[in-house]
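Okay, so here's the structure we're looking at.
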Amino acid sequence: MSAVNLTNVAVLSNPAPFLNPFQFEISYECLTPLKDDLEWKLIYVGSAEDETYDQLLESVLVGPVNVGNYRFVFEADPPDPTKIREEDIIGVTVLLLTCSYLGHEFVRVGYYVNNDYEDEQLKEEPPTRVLIDKIQRNILVDKPRVTKFPINFHPETNENEEEILPPVDAAENNEKGEDVPNSPDRATETNKNEIANPSSPVEPPEIQSTEALASKAAA
């Protein structure tokens, strides 16, 4: 069972101009108290073929995390268009919202994002150079791809508590010289690691030629 469950993600101010900040209202529940913070990240996939164009838009630590329900607004700056190839600005890409604990990612929400000119004339006759201030982004919120990863939220309980007695010397411990049976195993089984249960991801929207993007959303 996962210690943290993502219960809802609402995308605010969508559609919006390309250069506007991203805003997500995130709701989650914590079933067991956690000693460390949760790390939320928002990643913009700049190219389906080359992950070096990915941009980490924001990373925030949230905590302490006690048992209960939580909700907060996660805001992030838009991607830097100068770090995206011009041919990759217009069209469909992927936005990744992730959450990690102790450096281990346990949930990822992938959204397809469609970037295009809002003006119909610019759509029909696109300019030679991309006009960033004329581009509108539209996050396809109705079909996110949600993937969960099993992690151990309480690694301190993962230590092997097995106790093994040293071998018994019969001559030293049995003055009568009787045969001494082997000592039984005294190893005790520790509690099972609490891990998140992976769930089947939601099918992504049907968009032509997005196999590479889909693999990023699910990776």
Side-chain angles (χ1 to χ4, degrees), residues 4-30 34 36-48 50-65 69-86 88-118 130-149 201-202 204-205 207 210 212-219:
V4 177
N5 292 320
L6 184 63
T7 56
N8 188 59
V9 178
V11 181
L12 308 179
S13 302
N14 184 63
F18 184 88
L19 295 177
N20 275 26
F22 290 96
Q23 287 187 322
F24 294 85
E25 185 180 77
I26 301 172
S27 301
Y28 64 96
E29 63 177 354
C30 184
L34 301 177
D36 292 90
D37 296 339
L38 298 174
E39 183 178 18
W40 297 87
K41 294 180 181 180
L42 188 64
I43 301 167
Y44 184 88
V45 176
S47 171
D50 191 346
E51 65 180 12
T52 61
Y53 288 97
D54 291 359
Q55 295 186 42
L56 175 61
L57 304 182
E58 186 60 270
S59 175
V60 61
L61 297 176
V62 178
V65 186
N69 296 307
Y70 297 86
R71 182 173 61 185
F72 72 103
V73 174
F74 185 22
E75 183 170 324
D77 290 333
D80 183 350
T82 64
K83 296 180 180 179
I84 306 173
R85 294 179 298 192
E86 282 214 348
D88 291 327
I89 295 178
I90 301 291
V92 178
T93 188
V94 165
L95 193 66
L96 301 174
L97 175 66
T98 72
C99 191
S100 303
Y101 183 67
L102 296 176
H104 300 287
E105 181 181 337
F106 64 89
V107 66
R108 170 181 296 193
V109 184
Y111 294 97
Y112 284 120
V113 182
N114 185 39
N115 298 316
D116 204 351
Y117 290 111
E118 189 174 9
V130 176
L131 303 177
I132 292 293
D133 58 337
K134 301 293 184 182
I135 296 177
Q136 182 184 66
R137 69 163 186 258
N138 184 17
I139 302 174
L140 307 184
V141 298
D142 56 334
K143 292 185 178 180
R145 188 178 183 90
V146 181
T147 309
K148 296 180 180 180
F149 306 96
V202 179
I207 301 176
T210 57
L213 290 173
S215 65
K216 284 217 173 204

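- Rounded to the nearest 0.5 angstrom, Ile84 CD1 and Ile89 CD1 are separated by 5.5 Å.
- Here the side chains of Leu96 and Leu42 are not in contact, with every heavy-atom distance at 4.5 Å or above.
- With values rounded to the nearest 0.5 angstrom, Leu19 atom CG is found 6.0 Å from Ile132 atom CD1.
- Closest approach of Phe18 to Pro81, counting heavy atoms only: CE2-CB, 4.3 Å.
- Taking the ring centre of Phe149 as origin, the terminal cationic atom of Arg108 falls outside the region bounded by 6.0 Å and 45° from the ring axis.
- Between atom OG1 of residue Thr98 and atom CD of residue Glu39 there is a gap of 7.5 Å, rounded to the nearest 0.5 Å.
- In terms of heavy-atom proximity, Lys41 sits nearest to Leu56 at CB-CD1, 4.0 Å.
- Annotation: ring pair (Phe, Tyr, Trp, His ring centres under 6.0 Å) contacts of Tyr28 (sequence neighbours excluded): Trp40, Tyr70.
- Looking at every heavy atom in both residues, Asp37 comes nearest to Tyr101 through O-CD1, 3.6 Å.
- In terms of heavy atoms, Tyr53 sits closest to Lys83 at CD2-O, 3.3 Å.
- By the side chain to side chain donor-acceptor pair (under 3.5 Å) test, Ser27 is found to be paired with no residue, residues two or more places apart in sequence or in another chain being considered.
- Shown here for Asn115 and Thr93, the closest heavy-atom pair between the two residues is ND2-CG2, 4.1 Å.
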Handout entry: Steps toward side-chain contact (heavy atoms from CB on, under 4.5 Å) verdict (Tyr111, Val94)
Key = CA-CA 6 Å; Tyr111 294 97; Val94 165; over 6 Å; no
Table please: side-chain donor-acceptor pairs of residues 71-79 below 3.5 Å, with sequence neighbours left out.
residue	atom	partner	partner atom	Å
Glu75	OE1	Gln23	NE2	2.9

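- Counting only heavy atoms from C-beta outward, the side chains of Leu140 and Val92 never approach each other to under 4.5 Å.
- Ile26 pairs in a side-chain contact (heavy atoms from CB on, under 4.5 Å) with only one of the listed residues (Leu97, Val62, Thr7, Asn8), which is Leu97.
- Minimum interatomic distance between Ser100 and Glu105 (heavy atoms only, all atoms of both residues): OG-CA, 3.3 Å.
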Exercise for the section: Please test Ile90 against Asp116 for side-chain contact (heavy atoms from CB on, under 4.5 Å), starting from the C-alpha separation and ending with a verdict. Expected result: CA-CA 5 Å; Ile90 301 291; Asp116 204 351; 4.1 Å; yes
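- When side chains are defined from C-beta on, Leu6 does not count as touching Lys148, because their heavy atoms never get closer than 4.5 Å.
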Practice task
Walk me through it: do Phe24 and Leu95 pass the test side-chain contact (heavy atoms from CB on, under 4.5 Å)?
Solution key: CA-CA 12 Å; Phe24 294 85; Leu95 193 66; 3.6 Å; yes
Exercise for the section: Would you check, one step at a time, whether the test side-chain contact (heavy atoms from CB on, under 4.5 Å) holds for Val130 with Tyr117? Expected result: CA-CA 9 Å; Val130 176; Tyr117 290 111; 3.9 Å; yes
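- For Glu25, the side chain to side chain donor-acceptor pair (under 3.5 Å) test picks out no residue, with sequence neighbours left out.
- Contacts of Glu86 classified as salt bridge (Lys or Arg N to Asp or Glu O under 4.0 Å), with partners at least two apart in sequence or in another chain: Arg129.
- Residues satisfying the ring pair (Phe, Tyr, Trp, His ring centres under 6.0 Å) test with Phe22, not counting sequence neighbours, are none.
- Atom CZ of residue Arg137 and atom CG of residue Asn14 lie 7.5 Å apart, to the nearest 0.5 angstrom.
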